[in-house]
Amino acid sequence: MNGSAYEDVVAKLTPTQREAVLHIDGPLLVLAGPGSGKTRVITCRIAHMLNEGVRPQQILAITFTNKAAGEMKQRVEAMLPGRGVWISTFHSLGVRLLRQYADRLGLDKNFTIYDQNDRVRMVKLSLEAAQIDATRFTPETIQSAISKAKNFLMSPPAYASKASDYFSQVVAQVYEVYEKRMREVNALDFDDLLLWPAYALKNNAEIRAELDARFRYVLIDEYQDTNKAQYGIARGLSVDYPNLCVVGDPDQSVYRWRGSDIKNILDFERDFPNARVIRLEENFRSTKTILRIADHLIANNTERKEKTLYTSKGEGAKAGVMLFETGQDEAEQVVQQIADAVGRGGRHFCDFAILLRINALSRGLETAFIRKRVPFQIVRGLAFFDRKENRDILAYLRLLLNPRDDLSFLRAVNEPTRGIGKTSLEHLQAYAEPREMSLLSAAEQVDKIPAIKGKATAGLRNFAKLMADLRGIVDATPDEVMRQVIDVSGYRLMLKNSTDPDDQERLANVEELITAAHQFHAEDNSRTISDFLENITLASDVDGWDEKQDCVAVMTLHSAKGLEFPVVYMMACEQGILPHERSMGENAQLEEERRLAFVGITRAQEELNLSHARMREFRGQTNYTIPSMFLDELPHDCIESMDFSGSSAKAVEGWRKSTSGASQGWYDTGFSRTSTKRKDDFSEPLKESTTTYSVGALVHHDVYGVGRVTDISGQGVLRKVKIRFNVGGERTFLAAKAKLSVVKS
DNA sequence: ATCCAGTACGTTTTT
DNA sequence: CGTACTGGAT
């Protein structure tokens with residue numbers, strides 16, 4: 001093993017890191033501050049264990065996201081190739097265990113995983129089915145209460161026995177129906193993926209002993225964010241072989257609202273009395289200034305274990321605290337600053353991250369990025385699969401794999417339209433329910449249901465036939481299954497023949513699904529369509545982030561956990577946003593918001609910028625804001641305040657003043673030029689459309705002839721133009737695709 | 001059964 | 001401001 005990658009890495013470890021790496025047997029708690037090299041420690045430790053003769057199958061490593069799991073696999077692979085250690089998220093682990101032990105747990109192993117969206121629909125259906133009058137509460141509220149109950153390992157009866165107020169009593173009722181229906185349709189929600197394994201480990205001694213022996217060495221990253229169910233899994237796997245290593249940082253616990261219990265990490269030493277505790281406090285990521293800011297801020301939290309963060313890196317630049325007039329100015333100018341910094345050389349777009357407390361803020365940024373032509377990626381993984389057309393196709397696939405999935409049945413059955421309306425479906429449900437049949441089975445015998453007539457009967461019969469035909473091809477490659485579903489369902493034809501211009505876009509999206517499935521299969525040809533669906537459902541937001549692209553990354557503070565960037569912008573540091581208004585009641589919640597700010601700050605390696613606006617548009621109304629209380633909690637000597645609000649002239653002056661004494665000028669004077677609003681920033685034609693037209697222009701279309709532009713909407717590639725033709729009425733086109741020439745502007 | 005228009009409604013964060 | 005659902009007309 002001389003000169004191996006493994007030995008090279010081990011040689012570079014600090015003494016404390018090495019101590020953690022060399023610990024093999026017995027419980028171990030690694031308290032790892034931000035940027036302390038914990039990923040390196042975990043991967044090295046795995047490599048070390050392998051080197052010491054531990055068999056790869058006996059090691060289980062759990063990460064927070066699939067992306068983190070993938071990276072960790074790669075790093076272990078790079079050090080010691082060809083060992084297949086099991087590295088996954090808690091949820092993926094849950095799925096795999098549940099499919100494997102399905103029989104012994106009384107589950108059907110073809111279960112569908114219901115996401116957030118599906119769960120809310122399920123709550124709605126449960127409310128209707130049980131005729132519970134809950135107009136006072138939204139399905140979302142009820143769903144989240146059910147989720148919370150599950151996070152605390154409370155079964156419906158357990159919850160019901162503790163329900164004292166009216167709301168909980170309603171929830172208790174719904175919870176019971178919800179669970180019953182979930183079993184009927186053979187679906188599990190995200191919480192079930194943790195809860196069932198936790199129960200299995202607790203109640204089934206045989207399974208527990210089996211798994212404990214199989215996973216003799218368990219590592220858990222981001223342990224501060226584990227909930228009761230996850231704790232149950234960790235505990236259950238570490239009884240006979242208590243070789244549990246957990247890594248985390250209580251100051252970065254930001255998922256309390258999801259049931260995470262910071263006590264899991266704080267009480268680890270009590271849980272495992274002979275646990276070894278190692279603290280990694282040296283930071284290898286950020287400048288002294290950034291670290292001091294983070295440390296100063298988090299010191300305001302009362303419920304914490306104190307720790308000392310230090311770094312041997314340089315002082316670095318002061319952090320900017322920038323005030324803008326409006327949220328729009330903020331977006332425009334932050335993007336401009338990034339463009340200027342890259343234009344000056346020395347920085348790439350991918351060196352920058354913009355971190356947000358709430359997703360809603362990304363919309364304004366998106367238009368700013370497009371306008372300034374700065375490449376960006378909004379890291380919100382599921383957006384693509386959340387599109388209606390894609391969800392429709394996925395519903396077909398889900399129903400194919402799990403014929404009992406009534407929710408997917410209801411989604412797919414009349415898309416494209418088959419003449420099956422609300423009343424027909426009610427009849428179908430009325431038939432299926434007392435017979436304990438799935439809707440699909442009921443549809444198969446639609447001829448026995450006299451209440452359903454004419455067009456609907458034929459529609460249901462065809463649909464059942466279609467699903468039966470498709471069943472023959474489920475074992476084909478994922479992309480082939482996908483293609484068949486899109487064709488056989490008639491979905492492709494529907495979109496192709498549509499006159500709605502949006503439908504061509506939808507067709508492209510649906511076809512993209514085939515490509516996605518193909519790629520998925522190409523990466524590993526043992527993967528099935530079922531794996532594909534599972535993968536989509538369990539994907540996290542950051543999983544969709546392609547860091548190899550030279551783009552500015554835009555993401556939430558939550559998604560940014562575990563990442564690092566040379567330059568970080570944290571926007572909208574305002575009361576009500578950060579800290580969020582719904583967290584300001586209780587101190588524990590406020591402290592979590594502060595930890596969130598801490599996470600954001602500690603993502604920065606070299607430069608940190610915090611910004612806020614004097615006015616922000618909210619729900620269509622513009623309001624004055626109050627600067628975030630966290631800004632007041634930063635050490636003044638590490639901060640440089642800049643006022644870019646008011647008139648543009650004032651902004652430039654404010655800028656000059658603030659830079660005059662600064663030793664690290666991050667921008668040249670180019671910025672002051674652009675901070676005065678140039679009109680052409682807003683009126684230049686977009687790159688995506690080759691022709692420019694304005695409302696009122698007379699244009700010629702190859703097919704429809706001459707017409708007048710009546711409306712222009714949308715941005716970028718999705719820009720649409722509406723034209724009233726002399727012959728053929730009004731039509732809308734995608735500007736980029738329509739073959740138009742201007743007759744008279 | 002389907003489509004459109006009008007209105008009610010709501011926004012934290014996510015596996 | 002945007003979406004999501006309801007109730008009307010066809």
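Computed from a predicted structure; not experimentally measured. Letters go in sequence order (proteins before strands), and every chain restarts at 1.
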Sugar-phosphate only, base, or nothing, as touched by A:K453 at under 4.0 Å among non-hydrogen atoms: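 No contact.
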Sugar-phosphate, base or nothing in reach of A:E592, heavy atoms under 4.0 Å: nothing
Give, for atom [atom1] of [X] and atom [atom2] of [Y], the distance between the pair rounded to the nearest 0.5 Å.
| X | Y | atom1 | atom2 | value |
| --- | --- | --- | --- | --- |
| A:R119 | A:I113 | CZ | CD1 | 12.0 Å |
| A:I601 | A:L297 | CD1 | CG | 5.0 Å |
| A:Q230 | A:D261 | CD | CG | 11.0 Å |

Within residues 458-465 of chain A, residues whose heavy atoms come under 4.0 Å of DNA chain B: none
Non-hydrogen side-chain atoms of A:V334 and A:M571 separated by less than 4.5 Å: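 A:V334 vs A:M571: side chains touch.
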Starting from [atom2] on [N], measure out to [atom1] on [X] and report it in whole angstrom.
| X | N | atom1 | atom2 | value |
| --- | --- | --- | --- | --- |
| A:R256 | B:dT15 | CZ | C1' | 19 Å |
| A:Q230 | B:dT15 | CD | C1' | 8 Å |
| A:H91 | B:dT14 | NE2 | P | 14 Å |
| A:K148 | B:dT13 | NZ | P | 16 Å |
| A:D386 | B:dT14 | CG | P | 12 Å |
| A:L557 | B:dT13 | CG | P | 11 Å |
| A:L188 | B:dT15 | CG | P | 18 Å |
| A:D191 | B:dT15 | CG | P | 13 Å |

Basic-acidic side-chain contact under 4.0 Å: A:K67, A:E547: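 Yes, charged N to carboxylate O under 4.0 Å.
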Nearest-Å distance once atom P is located in both B:dT13 and C:dA4: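 Taking atom P in both B:dT13 and C:dA4, they lie 15 Å apart.
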Taking the six-membered ring of [Y] (Phe, Tyr or Trp), confirm whether the NZ or CZ of [X] is under 6.0 Å from its centre and within 45° of its axis.
| X | Y | answer |
| --- | --- | --- |
| A:R99 | A:F111 | yes |
| A:R603 | A:F565 | no |
| A:R616 | A:F618 | no |
| A:R96 | A:W86 | yes |

[X] vs [N]: side-chain N/O to OP1/OP2 distance below 4.0 Å:
| X | N | result |
| --- | --- | --- |
| A:N359 | B:dT14 | yes |
| A:T89 | B:dT15 | no |
| A:N66 | B:dT15 | no |
| A:T65 | B:dT15 | no |

Span of DNA chain C, from the first to the last nucleotide whose atoms fall under 4.0 Å of chain A heavy atoms: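 Nucleotide range in contact with chain A: C:dC1 to C:dC5.
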Side-chain donor-acceptor contact under 3.5 Å, A:S628 with A:E574: no
Nearest-nucleotide 5' precedence on DNA chain B, A:F190 against A:R582: A:R582
Comparing A:Q589 and A:R119 on DNA chain B - which has the more 5′ nearest nucleotide: A:Q589
Criterion salt bridge (Lys or Arg N to Asp or Glu O under 4.0 Å) against A:D392, the qualifying member of A:R492, A:R411, A:R387, A:R398: A:R411
Base of B:dT13 and ring of A:Y255 stacked, centres under 5.5 Å, planes under 30°: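 Not stacked by the 5.5 Å and 30° rule.
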Ring centre gap for A:Y223 and A:Y231 strictly below 6.0 Å: no
Is there any protein nitrogen or oxygen under 3.5 Å from a nitrogen or oxygen in nucleotides 1-10 of chain B, and what are the pairs?
unit_1 : atom_1 : unit_2 : atom_2 : d
B:dA1  : OP1    : A:G421 : N      : 3.0
B:dA1  : OP1    : A:S424 : OG     : 3.0
B:dA1  : OP2    : A:T423 : OG1    : 2.7
B:dT2  : OP1    : A:G419 : N      : 3.3
B:dT2  : OP2    : A:N414 : ND2    : 3.0

Where A:F376 and A:F369 come nearest, the two heavy atoms and their spacing: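 The answer is CD2-CB, 3.1 Å.
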